[in-house]
Amino acid sequence: MLHDRHNGRLVLVTSRPYTLLSCAVSIDGCLDDTSGQRLLLSNEADFDRVDEVRAGCDAILVGANTVRRDDPRLVIRDAARRAARVARGLPPDPLKVTVTASGHLDPGSRFFTVGESEKLVYGRVPPAHLDGVATLVAADDLRAVLADLAARGVERLMVEGGATILAALLADGLADELHLAIAPRFVGDPAAPRFTGAAGLSPLLAEVRDLDGVVVLRYLLSPAAVDRHWLRVAIGESRRCPPSQTAFSVGAVIVDATGREISRGYSRESDEFVHAEESALAKVDPADPRLASATIYSSLEPCSVRRSRPASCAALIRAAGIPRVVYAWREPVLFVDGHGAEELGETGVEVVEIGDLADEARWVNAHLLTPPPVS
Ligand SMILES: NC(=O)c1ccc[n+]([C@@H]2O[C@H](COP(=O)([O-])OP(=O)(O)OC[C@H]3O[C@@H](n4cnc5c(N)ncnc54)[C@H](OP(=O)(O)O)[C@@H]3O)[C@@H](O)[C@H]2O)c1
Ligand SMILES: [Zn+2]
């Protein structure tokens, strides 16, 4: 993840897709047993969850050994999810991607034969016998694979194993998020393939779900994933604002350097004019030492001018000594012509815009916008 200066703002520039690892393990951490049969660890509810995650991704990657051993289909099962993708201008299924060094892949496997989506096979020397059934791409390592996928427009990649690929992406710091489903059973075989992580990573637990006994843990692995998580929380707060025809509905959350929430707020929370950032800041002791390394997430760019009060949110953030601001939606010129991002950036505050979440923030304010937001 790189930062690029653009009109005085820092905009995230991705050199690889947002990469989400997904796997199911037994209580004793196994991804499979040692029988020749594929071990089904998930239940129906969890398969449906996986289907939903797939539907939100542009591509699905598995290692060649998973193609050989499990012969997965890697398509979206639910017809409504497929139709919704088509309605959004996407192919019904995500791209299918695999990597191989040996080239030992059977063109008759379901990876290649099921579904209409494009199939991509990466390797140092991609296997020529697959010419015609897949797009073959030379790539030296997984970093090059991800860079090539990004260049092909893949923004969100789901990686569904196996053990080697998951471990390699974790070890190389190439993963943003991990969805770990723990099935209520033991494999009890020391020789079974296990889920292996990388020492030194300290993921943030974002969600725990119990799906009929399969426990799904969602971990955030990268700073980008943490930023997106908290920005979504801020957008969620914006939905709590009392309605107004003359002001935006905005949500804000202040988070410390270890990823823990300090406070949150939303527009018009405590009085008719209070802004989201102002409301979140009002709940913190100005002497709180955590502010000096905190990030404030706001669904809308912090204001630099306001009609209602003398101090803008940009000024309040600076006064609080918060060194980092992340927002989704650049303030449109509707009520005032704001330049909060530039103003903060010029005073040394790191300002990050995550523009692909702007639509979510805009939707909360659809009644103010002409034309209303599309999509
Ligand atoms: N429980 C779950 O959620 C889940 C999900 C998926 C898989 N699994 C299980 O995981 C097991 C398979 O895992 P695995 O570790 O054996 O295999 P894998 O991770 O699926 O695939 C490893 C293979 O990928 C290729 N590869 C890896 N890194 C590469 C690189 N940098 N460049 C080119 N090729 C590369 C190599 O293929 P070549 O050998 O062709 O060179 C390598 O042998 C199976 O038992 C499967 O059932 C479980
Ligand atoms: Zn404001």
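All ligand and atom numbering here is 1-based and tracks the order in the structure. Worth saying up front: this structure is predicted, and the values here are computed from it rather than measured. Residues take their numbers from the sequence shown, with the count starting at 1.
- Protein residues with any heavy atom under 4.0 Å from ligand 1: Cys23, Ala24, Leu31, Asp32, Leu41, Gly63, Ala64, Asn65, Thr66, Arg68, Arg69, Asp70, Val99, Thr100, Ala101, Ser102, Leu142, Glu160, Gly161, Gly162, Ala163, Thr164, Ile165, Pro193.
- Val233 and Val326 fall within the same hydrophobic cluster, defined by Ile, Leu, Val, Met, Phe, Trp and Tyr side-chain heavy atoms under 4.5 Å apart, directly or through other members.
- Around the Zn ion (ligand 2), the protein atoms of type N, O or S that sit closer than 2.8 Å are His275 ND1, Cys303 SG, Cys313 SG.
- We find the CD1-CD1 distance between Ile322 and Ile296 to be 4.5 Å, quoted to the nearest 0.5 Å.
- A salt bridge is defined here as a Lys NZ or Arg NE, NH1 or NH2 lying under 4.0 Å from an Asp or Glu carboxylate O, and Glu342 with Arg330 meets this definition.
- Taking 4.0 Å as the cut-off between side-chain N and carboxylate O, Arg82 and Asp93 count as a salt-bridged pair.
- By the 6.0 Å and 45° rule, Arg73 does not stack over the aromatic ring of Phe111.
- The salt bridge (charged side-chain N to carboxylate O under 4.0 Å, His left out) contacts involving residues 50-67 comprise Asp51-Arg81, Arg54-Glu160, where partners must be two or more places apart or lie in separate chains.
- Looking at residues two or more places apart in sequence or on another chain, you find no salt bridge (charged side-chain N to carboxylate O under 4.0 Å, His left out) involving Arg156.
- A salt bridge does not link Asp106 with Arg68: none of the charged nitrogens is closer than 4.0 Å to a carboxylate oxygen.
- Applying the 6.0 Å contact sphere to CD of Glu155 captures no more than 12 heavy atoms from other residues, nucleotides or ligands.
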